[in-house]
Amino acid sequence: MSAAERLSRRFFARPADVVAHALIGQVLVCGERAGIVVETEAYLGPDDKASHARFGATARTSVMFGPGGVSYVYLIYGMYDMFNIVTGRDGEGQAVLVRAAHPERGIAGGPAAAAGPGKLCRAFGISRARHHGVDLTASPELFLARGSRVARARVARGPRIGIDYAGEWAPVPLRFWLAGHPAVSRAR
DNA sequence: CTAAGGATTTCT
DNA sequence: GAAATCCTTAGC
């Protein structure tokens, strides 16, 4: 078997909604652990009222305004890490949140171990302390690799979760998932 | 259903 | 400084 093909800068340099869709079916690798991405959400930049980028570049969000292909990991609700990938070009402030994965290798806890963004980080061992601001196109530990192709018809899309405060942006369908996969969040 | 939990941001 | 907010999960 040939070495896994790592996703390149070019892959991540596209708009967040394009990357979020294209990430479904790709392989997330963290050390010895790996799984197939089955749910993502796109955050389009400072104008997107649901995005952390809506306040501009702050101490927390500065990496969002760097080049695509870099990780953005933050803490939510005081206890859960969220794994995001910056997309687009330098300065655009776009990112994709990886919400769920199908465990493939090295992950304890069964099929549901990476169902949900907080559980995904725990299952893969992704932490803010060690994996924030990592270049996924260069890191030997944390990166994305090309998975088997997923037919477009199998990728569903709908509104993002937990962003009711985002006004006109709340209903915009920027969440993507593998249709019918058990690890995908239930819509609210 | 709701409590827990800590950081971030904005407001006074 | 203080307080409200928060892209969640586990446990009643």
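Below, chains carry the letters A, B, ... as their sequence lines are ordered, and counting in each starts from 1.
With respect to L28(A), the side-chain contact (heavy atoms from CB on, under 4.5 Å) criterion is satisfied by exactly one of I36(A), L136(A), I126(A): I126(A). Remark: of the listed residues R157(A), R175(A), R160(A), R175(A) is the sole one forming a salt bridge (Lys or Arg N to Asp or Glu O under 4.0 Å) with E39(A). None of T40(A), V19(A), L23(A) except one satisfies the side-chain contact (heavy atoms from CB on, under 4.5 Å) rule with I85(A); the exception is L23(A).
Where DNA chain B pairs in unbroken runs of 3 or more (Watson-Crick or G-U, both distances under 3.5 Å), the stems are B:1-4 with C:8-11, B:6-11 with C:1-6.
Contacts of R122(A) with the nucleic acid, taken as non-hydrogen atoms under 4.0 Å apart, involve only primed sugar atoms and P, OP1 or OP2. Backbone-only contact: T58(A) has heavy atoms under 4.0 Å from sugar-phosphate atoms and none from a base.
Other residues, nucleotides and ligands place more than 12 heavy atoms under 6.0 Å from the CZ atom of R9(A).
Taking atom CZ on R160(A) and atom P on dC7(C), their separation rounds to 10 Å, with Å as the unit. Protein atom OH of Y165(A) is 13 Å distant from nucleotide atom C1' of dT9(B), rounded to whole Å. The distance between atom NE2 of H132(A) and atom C1' of dA7(B), rounded to the nearest whole Å, is 13 Å. One atom, NZ of K49(A), and another, C1' of dC6(C), lie 18 Å apart when rounded to the nearest Å.
The side-chain tip of R89(A) does not point at the ring of F12(A) from less than 6.0 angstrom away and within 45° of straight on.
Listed by residue number, the members of residues 63-92 of chain A with any heavy atom below 4.0 angstrom from DNA chain B are L75(A), Y77(A), G78(A), M79(A).
Where F55(A) and R128(A) meet DNA chain B, the nucleotide closest to each residue was compared, and R128(A) sits on the side nearer the 5' end.
With contacts defined as side-chain heavy-atom distances shorter than 4.5 Å, the pair F83(A)/S71(A) qualifies. Side chains of I107(A) and F124(A) form a contact here, defined as non-hydrogen atoms less than 4.5 Å apart.
Here R60(A) reaches the OP1 or OP2 of dT9(B): one of its side-chain N or O atoms lies under 4.0 Å away. Neither OP1 nor OP2 of dT9(B) sits under 4.0 Å from any side-chain N or O of R54(A).
For the side chain to side chain contact (heavy atoms under 4.5 Å, CB included) test, residues two or more places apart in sequence or in another chain that qualify with H52(A) are R54(A), R60(A), T61(A), M64(A), Y72(A), Y74(A).
Ion pair E41(A)/R99(A) flagged as a salt bridge, since at least one NZ, NE, NH1 or NH2 atom sits closer than 4.0 Å to an Asp/Glu carboxylate oxygen.
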